[in-house]
2 protein chains.
Amino acid sequence: MESQVGNKQAKKCSLDEFALFAELGSKFSDALKSVASEMLEYMAAETIYAAGVSAQHFYILHDGYVKLFKTTSNGKDQIIRIVKAGEIFGFDGFVDIRYNHSAVPLKYATVCRVPVEQLNALGESRAEVERLIMMHCIKELQHADERLLELGAKRSQEKLASFLLAWCNTTPVGEWTPLVLSRLDIAQLLGLTIETVSRLFAQWKREGVVIERHQALQIVDLQKLTLVAHSHE
Amino acid sequence: MESQVGNKQAKKCSLDEFALFAELGSKFSDALKSVASEMLEYMAAETIYAAGVSAQHFYILHDGYVKLFKTTSNGKDQIIRIVKAGEIFGFDGFVDIRYNHSAVPLKYATVCRVPVEQLNALGESRAEVERLIMMHCIKELQHADERLLELGAKRSQEKLASFLLAWCNTTPVGEWTPLVLSRLDIAQLLGLTIETVSRLFAQWKREGVVIERHQALQIVDLQKLTLVAHSHE
DNA sequence: CGGTTGGTTGATGCTGGTCAAGGTTCGTGG
DNA sequence: CCACGAACCTTGACCAGCATCAACCAACCG
């Protein structure tokens, strides 16, 4: 229950390889290289960190997907955010002693784990990196605002439709998007039940709005889906 | 529609008077004083900024309460956050061109408005201030996580109960807490309707869990309310 | 006063949750 | 290679929680 990390290879990882920090420019490359960090791999069953645990690292997702979630006292989970490759997560440690939520990979994840006190190793560059983190944090806040709107002011169809649109938004129409989330994940993300998610999928597949195979999804009728996402019925 | 600000007195306000910045220590006092900013007063009908508008200032709330909210395409509002005196808001401008949500006072508000480019006036102190903002931003994120849990995974009673507990948490039991929110505000905050909020209040007043007068509230049976907040019925 | 705004309460119905039964997929071991 | 079990998904029947609609009330204010 405690040491999921014992068996992992602790290869070092270099921060300057991440696109996140590219905008700082190459002159920070040396400082970034001096940060002690390690690359770790997790499978679906393992937790990266659990809510309430001492928050000593922040993470950058190298590959895979990670879900961040909170659990109510009744044991219901709410997914806060799905982290995608290249994104940063787990910065509670900058402010707080403990993590505020839990982090678990969807299927698998390789992450770069950085001790928060390693920010000191950045020396001159520290301010720049902190500004970067600040900006990403603000973006996260904007994203959270959007999710609050979804959870609080939308009906099931609108929720699922806008989620699918957001999930596939990088993919051109007529192509498959991998859908790594299970029905349960989607339900916990949108504040619904597995059954309603399943029913909506079934309906839209019947109507030819989307098609699904194995773990991939294709939006066929984009217009219809955007209509549903905004139209309250 | 455009210039709610024309008729306001534009008294300067000094950042170093805010408790927010006190933790920086007195040596930053001079730098903070050099920031150009103005004190503005708004009434309930006026908007401080609207979603989509060019984001050129951030704000510190001096007095009153401010609600931040987003509106769906169907015109339903979702309150993101209630800002209390001393807190900072509206930092979209650090990252984005436009505000992501709207800000309106609950009854009235006096705010200190700071142009984002004034961060440059901070000189040496800039990094420290940005770190401070980063930390407050992370706290906001944690707060948003909690709200996501509330909106997505709780039932009406749990929502209202935990909101009331959070709202009154500074007040000792047996004392009145001012409740500046209307039923509509509470409904839009919790993703409910006015009617259900009203009904729950009525029920709890009948049961002697809370008492209410004019614009103030007192939690009588704290234990009962915490039970409701966590117990799923 | 009468109008307006905000709050209460009741009757009714729909959305989505709950419960339950079967189907699919997939991995494991015989 | 097939059989079995576990995890996940689907579908149906039923129900409850909350929204909706509507009428009424209280406070406030010109």
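In what follows, chains are A, B, ... by sequence order, proteins preceding strands, each numbered from 1. A quick note: this is a predicted structure, and the numbers were derived from the prediction, not measured.
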Main-chain N/O of B:Leu200 paired to B:Gln157 side chain as donor or acceptor, under 3.5 Å: no
A:Trp167 side chain vs A:Thr177 backbone, donor-acceptor pair below 3.5 Å: no
Contact list for DNA chain D against residues 202-209 of chain A - heavy-atom distance below 4.0 Å: A:Ala202, A:Lys205
Those residues of residues 190-201 of chain B lying under 4.0 Å from DNA chain D by at least one heavy atom: B:Gly191, B:Leu192, B:Thr193, B:Glu195, B:Thr196, B:Arg199
Ring centers of A:Tyr42, A:Tyr108 separated by less than 6.0 Å: no
Side-chain ion pair, A:Lys67 and A:Asp185, N-O less than 4.0 Å: yes
End-to-end axis angle, where each axis spans five pairs of the helix from C:dC1-D:dG30 to C:dG30-D:dC1, to 10°: 30°
A:Cys137/B:Cys137 sulfur gamma separation below 2.5 Å: no
Sidechain N-carboxylate O distance under 4.0 Å for B:Lys12, B:Glu38: no
Salt-bridge contact A:Glu158-B:Lys76 (side-chain N to carboxylate O under 4.0 Å): no
B:Lys205, NZ atom: more than 12 neighbouring heavy atoms under 6.0 Å: yes
Sidechain N-carboxylate O distance under 4.0 Å for A:Glu212, A:Arg183: yes
